[in-house]
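Before any comments, here is the structure.
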Amino acid sequence: MAAFLPPRGMRDFYPEEYRLRETIFTAWRDAARTHGFESYDAPVVESMELLERKAGEEISEQIYTFQDKSGRRLALRGELTPSLARMINARQRELAFPLKWSAIVQCFRYERMTRGRKREHYQWNLDIVGEESVMAEAEVICTAVDALQRLGFSCSDLQVRVGSRALLGELFALCGLVPEQYSACFLVLDKRGKIADEEIASLLADAGISKSRIGPILDMTSIRTLEEAQSRAGASSRAISDLRELFTVAEPMGFRDDLVFDISIVRGLGYYTGIVFEAFDTGRKLRAVFGGGRYDNLLSLLGGDRMPCVGLGFGDVVVAELLAECGKTPRTSPRVDCAVGFMDAASRDIAMRVAACARQSGRECDTTLAPEKAKVFFKRANRIGAQHAIFIGPDEAATGRIHVKNMATGVQVECSIEGLAASLSAGKDQDTDSTDGHQ
RNA sequence: GUGGGUGUAGUUCAGUUGGUUAGAACGCCAGAUUGUGGAUCUGGAGGUCGAGGGUUCAAAUCCCUCCAUCCACCCCA
């Protein structure tokens with residue numbers, strides 16, 4: 001038994017797991033780049049003060065906190081948004097808005113673990129800062145759906161459920177609530193279906209909401225369609241027209257089929273102000289794969305000018321589970337263009353020359369570090385996924401003629417060291433010709 | 001934090017009412033093949049049975065404590 005394990009909730013990535021992680025990261029990066037997002041990064045350690053300024057959350061219980069040797073109160077970030085807000089605020093006069101930023105960062109959370117939830121995960125963040133219109137929501141969702149497609153998912157696997165805090169706010173106002181009471185109502189509605197209505201009623205009462213209004217609030221969760229919502233909110237509802245516009249533009253953007261209106265989506269984070277959304281697997285067996293929404297007040301809350309923002313967070317843990325659940329986990333194996341080995345000390349320098357030659361021609365090349373038997377070398381070459389294997393023994397060292405073995409076909413061709421690049425290319429063409437003909 | 005499950009080889013797991021030297025598969029190593037991988041065959045290595053304590057002539061097995069881990073709830077990225 002291993003004496004040491006990773007700290008609770010933390011993960012090691014062995015090469016096999018690392019390859020899966022890279023597959024996910026690549027889908028994220030490619031989708032972001034394809035949609036014109038710029039990459040950025042921020043420190044994994046932030047000041048507690050920044051995190052605490054983010055209203056309405058009992059953070060310090062749930063994040064890793066510590067003091068540095070000067071007594072500064074610091075924390076491992078639990079999410080990237082406060083750092084983003086800090087960065088934007090610091091250069092609010094110089095940045096050109098709207099801007100579209102993407103980052104893949106590791107976030108930490110000190111909490112109990114369950115399925116799909118560790119104490120650390122990698123999260124892809126997409127944010128659009130400085131855009132008032134619902135095009136910002138459309139663009140981040142479209143980009144996230146793009147990434148899902150790159151991983152092999154289709155709209156039959158996932159649904160993006162869209163709600164709106166702005167809509168709920170309008171409906172609350174019609175019930176006679178004041179804005180200060182909204183956030184308590186959001187949290188309570190989020191619990192609808194999880195706890196009994198009587199408990200919800202008493203929670204609302206605790207928030208200072210009079211009895212006569214509790215019924216109408218609970219009743220809101222029975223709204224199923226946008227039309228129904230409109231009939232309550234009224235024809236002039238800004239929230240409804242935003243939602244309608246999102247669904248409309250999703251059509252030409254290609255993700256209309258993934259969208260579903262769901263008034264019960266409110267999200268746990270306190271800073272959301274408008275449209276909010278979460279993507280779930282169709283079977284609803286797992287947690288949200290990604291989620292996000294509009295947070296127009298966070299930057300001003302942290303000392304900047306008011307700035308409309310839309311953000312999206314997409315974690316690696318749940319999507320990996322969903323890949324497994326759907327049988328779509330890509331089968332990855334190690335791969336390298338060629339491997340070079342040598343039989344004895346006298347052959348070493350020729351082998352290294354051959355390897356250098358291969359690398360100069362742009363090939364990936366693994367080399368044996370010590371003399372080994374041919375059998376051991378070829379076995380290892382096979383294991384590391386070498387497409388070609390070149391074994392140097394006394395004969396090759398003496399004549400300068402080397403044998404390039406195509407590991408897929410077993411065919412071995414002889415060439416000079418200078419002719420190596422050509423042989424590797426020839427073998428490569430052969431490989432692709434011999435496959436099913438794709439690409 | 002609550003409830004339940006599980007801890008045996010590198011991995012996944014068997015292991016009978018407590019009873020002799022704890023097994024299998026896969027993986028690993030070696031040989032068959034002294035310069036050629038994947039397939040096959042043969043052999044080998046590898047275990048303080050999660051830790052500590054208790055009951056017993058005898059504990060992987062029963063009891064207690066702790067630790068780890070998984071699932072559900074709670075909470076949330």
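For the pair A:Gln387 CD and B:rU36 P, the computed distance is 22 Å after rounding to whole Å. A:Arg11 places its CZ atom 20 Å from the P atom of B:rA68, with the value rounded to the nearest Å. If you measure from atom CD of A:Glu372 to atom P of B:rA30, you get 11 Å, rounded to the nearest angstrom. What separates OH of A:Tyr110 from C1' of B:rC74 is a distance of 16 Å, to the nearest Å. Between the CZ atom of A:Arg287 and the C1' atom of B:rC75 there is a distance of 9 Å, given to the nearest Å. Atom CZ of A:Phe377 and atom P of B:rG37 are 12 Å apart (whole Å). Taking atom CZ on A:Phe378 and atom P on B:rA39, their separation rounds to 17 Å, with Å as the unit. Rounded to whole angstrom, the span from the CG atom of A:Asp366 across to the C1' atom of B:rG37 amounts to 14 Å.
Partner assigned to B:rC49 is none, using Watson-Crick or G-U wobble distances below 3.5 angstrom. Partner assigned to B:rU69 is B:rG5, using Watson-Crick or G-U wobble distances below 3.5 angstrom. In this structure, B:rG38 forms no base pair with any nucleotide, since neither Watson-Crick nor G-U wobble geometry is met with both distances under 3.5 Å. The pairing partner recorded for B:rA24 is B:rU12, the criterion being a Watson-Crick or G-U wobble arrangement whose two distances lie under 3.5 angstrom. Partner assigned to B:rC62 is B:rG54, using Watson-Crick or G-U wobble distances below 3.5 angstrom.
Taking the six-membered ring wherever Trp is involved, the centroid distance between the rings of A:Phe37 and A:Trp101 does not fall below 6.0 Å. Ring to ring, A:Phe186 and A:Phe172 are close: their centroids are under 6.0 angstrom apart. Two rings, from A:Phe342 and A:Phe391, have their centers 6.0 Å or more apart.
Comparing B:rC57 with B:rG18, their C1' atoms sit 12 Å apart, to the nearest whole Å. B:rA45 sits 14 Å from B:rA22 when the P atoms are compared, rounded to a whole Å. Distance noted for atom P between B:rG52 and B:rC70: 23 Å (whole Å). B:rU12 and B:rU48 have their P atoms separated by 16 Å, with the value rounded to a whole Å. Of the C1' atoms belonging to B:rC66 and B:rC73, the separation is 24 Å, rounded to the nearest Å. Comparing B:rC29 with B:rU16, their P atoms sit 33 Å apart, to the nearest whole Å. Using atom C1' as the reference point in both B:rG50 and B:rA60, the two lie 12 Å apart (nearest Å). The separation of B:rC75 from B:rG15, taken at their C1' atoms, amounts to 41 Å, rounded to a whole angstrom.
Across all strands shown, A:Gly410 has heavy atoms under 4.0 Å from base atoms, whether or not it also approaches the sugar-phosphate. In this structure, A:Arg267 reaches the sugar-phosphate backbone alone: every heavy-atom distance under 4.0 Å involves primed, P, OP1 or OP2 atoms, never a base. At the heavy-atom level, A:His121 lies under 4.0 Å from base atoms of the strands shown.
Annotation: cation-pi geometry satisfied between A:Arg284 and A:Phe280 (NZ/CZ under 6.0 angstrom from ring centroid, within 45° of ring axis).
In terms of position along RNA chain B, the nucleotide closest to A:Gly9 lies nearer the 5' end than the nucleotide closest to the other residue of the pair A:Glu120 and A:Gly9. Each of A:Gly78 and A:Lys373 was assigned the nucleotide of RNA chain B with the nearest heavy atom; the assignment lying further toward the 5' end belongs to A:Lys373.
The base of B:rG35 sits within donor-acceptor range of the side chain of A:Glu396, with an N or O pair under 3.5 Å. For A:Lys405 against B:rG37, a side-chain-to-base donor-acceptor contact under 3.5 Å is present.
Set against B:rG35, B:rA32, B:rG38, the side chain of A:Met343 has B:rG35 as its closest nucleotide. For A:Arg383, taking side-chain heavy atoms from C-beta onward, the closest of the listed nucleotides B:rC28, B:rG35, B:rA30 is B:rC28.
Considering only side-chain N and O atoms, A:Lys379 lies under 4.0 angstrom from the phosphate OP1 or OP2 of B:rC29.
No side-chain donor-acceptor contact under 3.5 Å links A:Lys405 to the backbone of A:Gly410.
For the 3.5 Å distance criterion, the side chains of A:Gln106 and A:His121 fail to qualify, holding no donor opposite an acceptor.
Using a cutoff of 4.0 Å between basic side-chain nitrogens and carboxylate oxygens, A:Arg294 and A:Glu137 are scored as salt-bridged.
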